[in-house]
2 protein chains.
Amino acid sequence: MPQAFERHDHGTCISAALRAAEDACAGRGLSLTPLRRRTLEILLESHAALGAYDVLARLEAEGFGSKPPVAYRALNFLVEHGFAHRIEALSAYVACARPGAEHAPSFLVCRSCRRVAEEAIAVPLAPEAEAEGFAIERTVVEAQGLCPACRGAS
Amino acid sequence: MPQAFERHDHGTCISAALRAAEDACAGRGLSLTPLRRRTLEILLESHAALGAYDVLARLEAEGFGSKPPVAYRALNFLVEHGFAHRIEALSAYVACARPGAEHAPSFLVCRSCRRVAEEAIAVPLAPEAEAEGFAIERTVVEAQGLCPACRGAS
DNA sequence: ATCCCTCTTGTTATAGTATAACGTCCGCGC
DNA sequence: GCGCGGACGTTATACTATAACAAGAGGGAT
């Protein structure tokens with residue numbers, strides 16, 4: 001399912017994610033404006049994490065605004081509503097690979113090509129948090145390393 | 001053991017961590033210079049994550065250099081050798097709470113007071129990585145939320 | 001139709017985080 | 001003494017992110 005590092009029909013990824021975003025927006029009264037939709041499409045073009053300024057450059061080239069808030073607002077919208085995720089260790093953004101599914105995301109992040117595979121795992125630390133009276137609100141789980149392709153290319 | 005959110009003899013934390021750093025440096029041919037040692041002491045003063053510029057301000061006030069590389073180099077030294085950790089979600093740094101022990105660290109991070117409890121858990125994602133041929137080099141596991149004290153103070 | 005309100009996008013300006021590149025000093029082995 | 005490597009200091013710059021304000025679009029109430 002998390003096929004970032006495997007051959008797959010990428011067009012399906014894109015259309016499924018766009019469809020899921022459209023449906024979710026319709027269902028929740030959110031507006032998937034041209035800017036937001038295009039931002040999601042840019043992230044969906046690859047399974048690689050993109051920096052906000054990379055996204056901004058693409059948007060600007062297509063006639064959208066050129067200043068950082070334009071990209072940050074669109075990215076924050078996508079992240080808030082689960083259509084994209086932020087990779088903390090890279091300060092970068094990636095499209096959600098499990099659109100529509102509720103999940104505490106976790107990631108395999110290649111340090112060479114920046115491609116990201118999204119996995120479904122149980123949220124760790126829950127028992128420890130419970131024991132200490134700590135209320136978990138969000139978890140960040142990222143494994144960095146080398147993907148199969150980049151290992152081979154070494 | 002991870003007692004950031006509990007009453008404890010904090011002097012013991014500090015002296016144990018300093019001792020561990022001294023021993024590790026001696027054993028590995030590293031030099032725990034005054035700058036590096038003082039940087040570690042600053043982190044050890046509390047269990048809270050400090051930004052690099054917070055550390056830098058403290059160092060400058062004590063007569064060390066005032067420019068960012070001074071703090072970043074000392075912090076990077078401590079992180080590389082396991083005497084401190086970087087909290088990715090905060091772009092901040094915290095002293096290691098398990099000095100001397102090999103570990104893939106994981107953290108409970110309070111969003112209110114920035115205190116950090118370091119936990120020992122099995123590295124997640126290993127089976128998924130294995131299945132995909134992904135070579136994990138480092139894991140980032142951080143749970144953000146509210147610590148007991150900050151929950152109470154709400 | 002007009003007014004008001006909210007939301008979105010755009011701007012300017014600035015804040016916060018991090019590193020590249022270069023110079024100096026010091027201690028050590030020769 | 002000399003050369004070398006490591007640590008620390010600097011200057012300058014790059015990268016990431018947000019605060020604050022302006023303008024236009026659309027909807028609902030009157």
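Order of the sequence lines sets the chain letters (A, B, ...), proteins ahead of strands, with each chain counted from 1.
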Quiz item: Between B:Phe64 (CZ) and D:dA7 (C1'), how many Å, whole number?
Solution: 12 Å
Quiz item: So, for B:Arg58 and B:Ile42, which heavy atoms are closest and what is the spacing to 0.1 Å?
Solution: CB-CD1, 3.6 Å
Practice problem: Quickly work out the A:Glu88 CD to C:dA18 P distance and round it to whole Å. | Solution: 12 Å
Exercise. Calculate the interatomic distance between A:Leu35 atom CG and C:dT11 atom P; express it in whole Å.
Key: 11 Å
Quiz item: B:Tyr53 side chain: which of C:dA18, D:dA7, D:dA17 is closest?
Solution: C:dA18
Quiz item: Can you tell me if the side-chain N/O atoms of A:Ser91 get under 4.0 Å from OP1 or OP2 in C:dT17?
Solution: no
Quiz item: Can you find a pair of side-chain heavy atoms, one from A:Leu75 and one from A:Arg73, that are under 4.5 Å apart?
Solution: no
Quiz item: Cluster question for you: counting only ILVMFWY and a side-chain heavy-atom cut-off of under 4.5 Å, with indirect links fine, are B:Val55 and B:Phe77 together?
Solution: yes
Quiz prompt | Separation of D:dC15 P from A:Leu50 CG (nearest whole Å) | solution = 15 Å
Exercise. Assign each of A:Leu90 and B:Ser66 to its nearest nucleotide of DNA chain D by heavy atoms, then name whichever residue's nucleotide is nearer the 5' end.
Key: B:Ser66
Quiz item: Roughly how many Å is it from CG in A:Asn76 to P in C:dT9, rounded to a whole number?
Solution: 13 Å
Practice problem: Describe the nucleic acid contact of B:Phe77 in one word from base, sugar-phosphate, nothing, applying a heavy-atom distance below 4.0 Å. | Solution: nothing
Practice problem: Identify, with sequence neighbours excluded, every residue that meets side chain to side chain donor-acceptor pair (under 3.5 Å) alongside B:Glu137. | Solution: A:Arg111
Practice problem: Please state how far atom CD1 in A:Ile87 lies from atom C1' in D:dC15, giving the value in whole angstrom units. | Solution: 18 Å
Quiz prompt | Nearest to side-chain heavy atoms of B:Ala52, which nucleotide of C:dA18, D:dC8, D:dA17 | solution = C:dA18
Quiz item: With a 3.5 Å cut-off and just heavy-atom distances, do the side chain of B:Arg73 and the base of D:dG9 make a donor-acceptor pair?
Solution: yes
Quiz item: In whole Å, what is the span from the CZ atom of A:Arg38 to the C1' atom of C:dG10?
Solution: 19 Å
Practice problem: Measure from NE2 on A:His81 to P on C:dC7 and round the result to the nearest Å. | Solution: 12 Å
Quiz item: If you look at every strand shown and take non-hydrogen atoms under 4.0 Å, does B:Arg36 touch a base, only sugar-phosphate, or nothing?
Solution: sugar-phosphate
Practice problem: Please step through salt bridge (charged side-chain N to carboxylate O under 4.0 Å, His left out) for the pair A:Glu22 and A:Arg28, ending with a clear verdict. | Solution: CA-CA 10 Å; A:Glu22 284 162 0; A:Arg28 290 185 249 161; over 6 Å; no
Quiz item: Can you tell me if the side-chain N/O atoms of B:Tyr72 get under 4.0 Å from OP1 or OP2 in C:dT19?
Solution: no
Quiz prompt | Closest listed nucleotide, where the reference is the side chain of A:Tyr93 and the choices are D:dG9, C:dT8, D:dA17 | solution = D:dA17
Exercise. State whether A:Arg86 places a side-chain N or O below 4.0 Å from either non-bridging phosphate oxygen (OP1 or OP2) of D:dA17.
Key: yes
Quiz item: If you find the nucleotide of DNA chain D closest to B:Lys67 and the one closest to B:Leu30, which residue's nucleotide is nearer the 5' end?
Solution: B:Leu30
